[in-house]
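In what follows, chains carry the letters A, B, and so on, assigned in the order in which the sequence lines appear, proteins first and then strands, with residues in each chain numbered from 1. When reading the values below, keep in mind they use all heavy atoms of this one structure, side chains included, and skip hydrogens, waters and symmetry mates.
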Number of protein chains: 2
Amino acid sequence: MAEQKPRYYRIADEIRGRIDRGDLEPGQQLPTEHELMAQYEASRNTVRLALRRLTDEGLVISGQGRGSYVRRAHVPAVWDWSVLESRSRHESNTNGGDQWASVVAESGREPRQEVRVSIRQPPADVAERLGLDPETAMTVVRERVRFIDQEPYALADSYFPEELVRGTPLMKPEDVSAPGGVLAQSGLIQVRYEDEITFRMPTRAESERLDLPPATPVAVHTRTGYDKGGKPLRVMVTTLPGDRHVIRYSVLAD
Amino acid sequence: MAEQKPRYYRIADEIRGRIDRGDLEPGQQLPTEHELMAQYEASRNTVRLALRRLTDEGLVISGQGRGSYVRRAHVPAVWDWSVLESRSRHESNTNGGDQWASVVAESGREPRQEVRVSIRQPPADVAERLGLDPETAMTVVRERVRFIDQEPYALADSYFPEELVRGTPLMKPEDVSAPGGVLAQSGLIQVRYEDEITFRMPTRAESERLDLPPATPVAVHTRTGYDKGGKPLRVMVTTLPGDRHVIRYSVLAD
DNA sequence: TAGTGGTCTAGACCACTGT
DNA sequence: CAGTGGTCTAGACCACTAA
């Protein structure tokens, strides 16, 4: 029985083995394509197919003119969705209302966010979660791009039914305080959240806005907030790159 | 200023546009590589680079001898981690103890799982979560591959400190009841869970065990269960393919 | 400027799918 | 069987990086 795997599979397997065994360490440069051609007696395209396999697995990263390197892990930002947005935390928070920013600042890193506010029709799935007619409903949309140490970390888009928040400070673009806080000040109190998480490859647009390296999936975290009567007040859609985030929950068994 | 994007970017953008606009519908066959070469006056490799971009985004799927097709969405299985493993659900569950199986069966699909039990050293991160010495500690490991309608859906590996579960039914391979249940019968009651979710591209091994299509990320859900005194009793690591799963949580604001 | 990876061409043969 | 995508070769030129 001869080996039936394609040549570039075997080249990739061999290099992956070197990485797994630690012969090639994170951050270390791989042999150049030219060297690999010689080592494996293969054409350049075949070598490149093998390297492509490894970059697709997130093991290798390469740059024009620089070479190929074993990929380093990021320092992940931990998002604890059981704690984030809790009112007790919010009240004790000193930096003007944004909880995300204070959590990041506590860890010694520098938060920044760009906010854009508009009024428009929500996407169909958001309308459904808010219990609105997708044809006619309008929502106030707050789109934020969140940066840590000047690098983009996440997209966070919040949707509020327009009729609920008319005339509140929410509609001023310069307001960057936590929506939970602003909502509460307007008498709209969220007592329960329904969170849904999906994960997939980024679209081209997300990839560019977040400056994502190849082979980086995103999680889409959709939080719907309800008031005491079970009426939905807000939907927040957060897009988190996989190489920079860990999502955490605490759950009490019943 | 002329557009300087590479040719295969523009070919990919053009085809992506046709898909986004609905000119090409899910399940529909794309033009053959030969036809695309003619349409865009490009070499075959260039056309293939463009198609590769689209398969990397999860938009297109291709098969040798069959052609390339616009990818269809899966029907996702919803995993509600607030409810799963709750004791109240467990007690009212009629099918012999496995909650996952009953949740799936309720939705009219056919669950099946392959279980393998062994005793061995845990990975370092699991040892740390269990508060064990990574050099010497032994754990009972239950590795399951879960299928729905004969297709692999998830990997679920549970780790128990060996000293805690010695002599319990947990160690019998044929036992497939929910670990929460078995633990409880041994007087080990989990009152709190810490869940952590990361998401990344699958390793080769995961990709093969789960028969994953290209461009399918996985979420790794790690649940650590604690008893009343805060002692860790169990770690469960679930590997979920992104094209078949939605993770859900309910959270009460405090 | 030398060396790297990125883009692109023009072929060839193979493996697999359908008819 | 004809037609598809998968693998592979042997070149060429370009864009970028670092010395």
Revision key, fill the gap. Note: B/Pro217 and B/Pro202 closest approach over all heavy atoms is CA-CD, 4.2 Å
Study note, to complete from the structure: Separation of D/dG5 atom P from B/Leu49 atom CG, nearest Å, is 15 Å
Check your understanding: Given C/dG5, D/dG5, C/dT9, which nucleotide is nearest the side-chain atoms of A/Thr32?
Key -> C/dG5
Practice item. Measure from CZ on A/Arg48 to C1' on D/dT7 and round the result to the nearest Å. Key: 16 Å
Check your understanding: Less than 6.0 Å separating the ring centroids of A/His245 and B/Phe199?
Key -> no
Check your understanding: What are the two closest non-hydrogen atoms of A/Pro241 and A/Val218, and how far apart are they?
Key -> CA-CG1, 4.1 Å
Review point. For the pair made of NZ in A/Lys5 and P in D/dC8, what is the distance, rounded to whole Å?
Key: 12 Å
Check your understanding: Roughly how many Å is it from CG in A/Leu51 to P in C/dG5, rounded to a whole number?
Key -> 8 Å
**Study point:** Rounded distance (Å) that lies between atom C1' of D/dG3 and atom NE2 of B/His34
**Key:** 10 Å
Exercise for review: For residues B/Trp81 and B/Met236, report the shortest heavy-atom separation together with the two atoms involved.
Suggested key: CZ3-CE, 3.8 Å
Check your understanding: Rounded to whole angstroms, how far apart are CD on A/Glu33 and C1' on C/dG3?
Key -> 12 Å
Check your understanding: OP1, OP2 of D/dT7 versus side-chain N and O of A/Thr46: anything below 4.0 Å?
Key -> no
Revision key, fill the gap. Between A/Gly63 and A/Tyr9, the residue closer to the 5' end of DNA chain D by nearest nucleotide is A/Tyr9
Name the atoms and distances for all side-chain donor-acceptor pairs under 3.5 Å in residues 59-73 of chain A, with sequence neighbours left out.
{"residue": "A/Tyr69", "atom": "OH", "partner": "A/Arg66", "partner atom": "O", "Å": "2.9"}
{"residue": "A/Arg71", "atom": "NH1", "partner": "A/Pro214", "partner atom": "O", "Å": "3.1"}
{"residue": "A/Arg71", "atom": "NH2", "partner": "A/Thr216", "partner atom": "OG1", "Å": "3.2"}

Check your understanding: Ignoring hydrogens and geometry, is there a side-chain-to-backbone donor-acceptor pair from A/Glu151 to A/Ile148 under 3.5 Å?
Key -> no
Exercise for review: Examine D/dG6: is either OP1 or OP2 under 4.0 Å from a nitrogen or oxygen in the side chain of B/Ser62? Give yes or no.
Suggested key: yes
Review point. Is a side-chain donor or acceptor of A/Thr139 paired with a backbone partner of A/Arg120 at a separation under 3.5 angstrom?
Key: yes
Check your understanding: Can you give one letter per nucleotide of nucleotides 11-19 of chain C, 5' to 3': B if a protein heavy atom sits under 4.0 Å from the base, S if only from the sugar-phosphate, - if neither?
Key -> -B--BBSS-
**Study point:** Options D/dG6, D/dC8, C/dT9, nucleotide nearest the side-chain atoms of B/Arg7
**Key:** C/dT9
Review point. Can you tell me how far C1' of C/dT9 sits from OH of B/Tyr8, to the nearest Å?
Key: 15 Å
Point to revise | d(CD, A/Gln29; P, D/dT17) in whole Å | key: 14 Å
